[in-house]
Enquirer: 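First the structure, then my questions, so here it is.
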2 protein chains.
Amino acid sequence: MDGKPSFPLGPSSLTEALYESVRKRIVNGDIAPGEKLTEIRIANEYSVARPTAKACLERLTALGLLRRTTHKTAVVPKLDEAEIRDLYFSRETVERAAVVALARAGTVPPEAVRAQAAMRAAAGDAAQHGSDQGSHAGAFATQVEADIAFHSALVAAVGSRRLARMHEVILGEVHLTMGQFQAHRTTDPMNVAHEHDDILKAIGDGDPERAQQCLAHHLDQAQGRLLGQLRRERSEEAHA
Amino acid sequence: MDGKPSFPLGPSSLTEALYESVRKRIVNGDIAPGEKLTEIRIANEYSVARPTAKACLERLTALGLLRRTTHKTAVVPKLDEAEIRDLYFSRETVERAAVVALARAGTVPPEAVRAQAAMRAAAGDAAQHGSDQGSHAGAFATQVEADIAFHSALVAAVGSRRLARMHEVILGEVHLTMGQFQAHRTTDPMNVAHEHDDILKAIGDGDPERAQQCLAHHLDQAQGRLLGQLRRERSEEAHA
DNA sequence: TAAGGCAAAATCGTCAGACAAGTATACTCG
DNA sequence: CGAGTATACTTGTCTGACGATTTTGCCTTA
């Protein structure tokens, strides 16, 4: 490493830091949907060896954040309507199993409560800076992270390593769509926070049926916002 | 490649063939539970470059067939009771979603029917060669493959790429436990075939509730056989 | 002008060889 | 026997290279 890397890596292990950095850039739209991501580009931008860049791309591909087939350049996907539906169907499969298990145990995960508090704080920030576009973007990113953290915490709290791994397989795409479509902007963040509260309450009350209903409603709403935004973008393209 | 590889690779792409070969050796016990699997060993046994061996091990690790952490040698896992329970919990999460979706559509997957026929044929072979240990092992392996194919076909028939990917994450371990514990031997293969028939019938009848009950029963039975075998092995070890 | 073909460039797949870092094993000493 | 140290082994990452595949650009033809 004799060059000055464009995206400096921190003190943690190289491949881990590389993966995290590229992942973040994909999720936040810095590397845009449809954009090609070559091993050589990553190797140059981060001053790492090409095999290291390759491993990074392979990992991102395995987690749905990139699409890549043999002998072709990786590309950041943009999900269409059918894919969003499939994503949310699969998401619900995993997360329903999680909330049902938690409700049966009557176990409210502290991490989910913490993520919910972070979500409320971010929602408050968003309302406060409504007229300040720069801080608005920051608060929005925090909302997304808190939302992801909430759902991840629910799944993680079940204590099933395999359920968590299956969740991870789709979480990249979930995160990607939230970044790409920014559909969160089309609703009051407090609505999302209320839906989370409903889920937590049903879990705490030991009511598996209600827990899964609240979750299904919440995910339906989220999916609906994404699909609405997708249709808006498609209609804007048709007029351009 | 100037040496003669110990395990010759076919005409398909190198990394794919390597992965398949090592995966099969792990599943059939040729590379035994607890056994360490170094990059250097794979590179030598297959006459490939070490990075190629590394990529193979990483892929097997991602799919649960190996355990590997940073700076340590990969090892074939042997699942304990808690892990088998977790595996079957997660398996049921995915497969229940699949049979419910299929039953709602009243769609019996032709591939599942085909796998079921293969299973019956293998069960017939097992009964016929009951006293011939060599062919018995072959028929057993075919039963396992047919069983896996049946369940995979159910999930694949939903047409959800993400559900299939989540299933794949656990399928390696499912396959691994079946090979390691050979618990299939502790029941008449026709019992398994009947349980598959029940699932298919419920799907064909468009009865989601019955489909998931039949599946749950089937997986409970399978899990019970595995746990029974695990306890038998543990008690044999205690006496050795 | 548009389409097709071909050559060059770009990218990916895999390799050999090497050095650094981390872990495991063996040996020695108290 | 246990602890510490040295050595061996393995993994992480790199450089440089060759071969294979895909993409791009240019030229020719209809």
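Here is how names work: the chains are called A, B, and so on, in the same order as the sequence lines, proteins then strands, and each is numbered from 1. Values reported hereafter were calculated over all heavy atoms of this structure, with side chains retained and with hydrogens, waters and symmetry mates removed.
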Enquirer: Within this structure, what is the OH-to-P distance between A:Y46 and D:dT13, rounded to whole angstrom?
Expert: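 Taking atom P of D:dT13 as the reference, OH of A:Y46 is at 15 Å.
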Enquirer: Applying side-chain hydrogen bond (donor to acceptor under 3.5 Å, both in side chains), name anything that partners B:S160, two or more places apart in sequence or on another chain.
Expert: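 For B:S160, the residues satisfying side-chain hydrogen bond (donor to acceptor under 3.5 Å, both in side chains) (neighbours in sequence not counted) are A:D86, A:S90.
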Enquirer: What is the distance from CD1 of B:I42 to P of D:dT11, rounded to the nearest Å?
Expert: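 Whole-Å distance recorded here is 10 Å.
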Enquirer: Which of these nucleotides, D:dT11, C:dT11, D:dC14, is closest to any side-chain atom of A:T38?
Expert: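 Minimum distance to the A:T38 side chain belongs to C:dT11.
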Enquirer: If you restrict it to nitrogen or oxygen atoms, what contacts under 3.5 Å exist between nucleotides 22-24 of chain D and the protein, and what is each distance?
Expert:
from, atom 1, to, atom 2, distance (Å)
D:dT23, OP1, A:K72, NZ, 3.4

Enquirer: For DNA chain D, which residues of residues 55-64 of chain A approach it to below 4.0 angstrom with any heavy atom?
Expert: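 The stretch gives none, as no residue of it lies under 4.0 Å from the strand.
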Enquirer: From CG of A:L37 over to C1' of C:dC12, roughly how many Å is that when rounded to an integer?
Expert: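 It works out to 14 Å between those atoms.
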Enquirer: Please give, in whole Å, the distance from D:dC9 C1' to B:I40 CD1?
Expert: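 For the pair B:I40 CD1 and D:dC9 C1', the rounded distance is 7 Å.
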Enquirer: One pair to check against side chain to side chain contact (heavy atoms under 4.5 Å, CB included): A:H175 and A:E145. What are the steps and the verdict?
Expert: CA-CA 8 Å; A:H175 210 162; A:E145 299 292 341; 3.4 Å; yes
Enquirer: Test side chain to side chain contact (heavy atoms under 4.5 Å, CB included) on B:T52 and B:Y46 and set out the steps.
Expert: CA-CA 10 Å; B:T52 304; B:Y46 289 95; over 6 Å; no
Enquirer: Salt bridge (Lys or Arg N to Asp or Glu O under 4.0 Å) between A:R59 and A:E16: does it pass, once the steps are laid out?
Expert: CA-CA 10 Å; A:R59 187 168 166 196; A:E16 193 64 34; 3.3 Å; yes
Enquirer: In this structure, how many angstroms lie between the P atom of C:dC15 and the NZ atom of B:K54, rounded?
Expert: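 Distance, rounded to whole Å: 15 Å.
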Enquirer: With sequence neighbours left out, what residues match A:R23 under salt bridge (charged side-chain N to carboxylate O under 4.0 Å, His left out)?
Expert: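 Result, salt bridge (charged side-chain N to carboxylate O under 4.0 Å, His left out) vs A:R23: A:E20.
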Enquirer: Would you call A:T70 and B:T15 a side-chain contact if the rule is heavy atoms closer than 4.5 Å?
Expert: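 Heavy-atom side-chain distance check fails, nothing below 4.5 Å.
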Enquirer: Would you mind telling me which of C:dC12, D:dT15, C:dA18 lies closest to the side-chain atoms of B:R50?
Expert: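 Given the options C:dC12, D:dT15, C:dA18, the side chain of B:R50 is closest to C:dA18.
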Enquirer: Assign each of B:R41 and B:P51 to its nearest nucleotide of DNA chain D by heavy atoms, then name whichever residue's nucleotide is nearer the 5' end.
Expert: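 It is B:R41 whose nearest nucleotide is closer to the 5' end.
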Enquirer: What's B:R68 touching, base or sugar-phosphate or nothing? Going by heavy atoms closer than 4.0 Å.
Expert: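 Contact class for B:R68: sugar-phosphate only.
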Enquirer: My understanding is that only residues two or more places apart in sequence, or in another chain, count here; which of them pass side-chain contact (heavy atoms from CB on, under 4.5 Å) with A:A153?
Expert: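 Partners of A:A153 under the side-chain contact (heavy atoms from CB on, under 4.5 Å) test: A:E111, A:A112.
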Enquirer: Just so I know, are the side chains of B:R68 and B:T73 near enough to count as touching, which here means a heavy-atom distance under 4.5 Å?
Expert: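 B:R68 vs B:T73: side chains apart.
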Enquirer: Could you check how far CG of A:N44 sits from P of C:dA10, rounded to whole Å?
Expert: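 Distance, rounded to whole Å: 12 Å.
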Enquirer: ring-ring contact (aromatic ring centres under 6.0 Å, His included): which pairs involve residues 144-174 of chain B, sequence neighbours left out?
Expert: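 Qualifying pairs, neighbours excluded: B:F150-B:H196, B:H151-B:H196, B:H151-B:H218.
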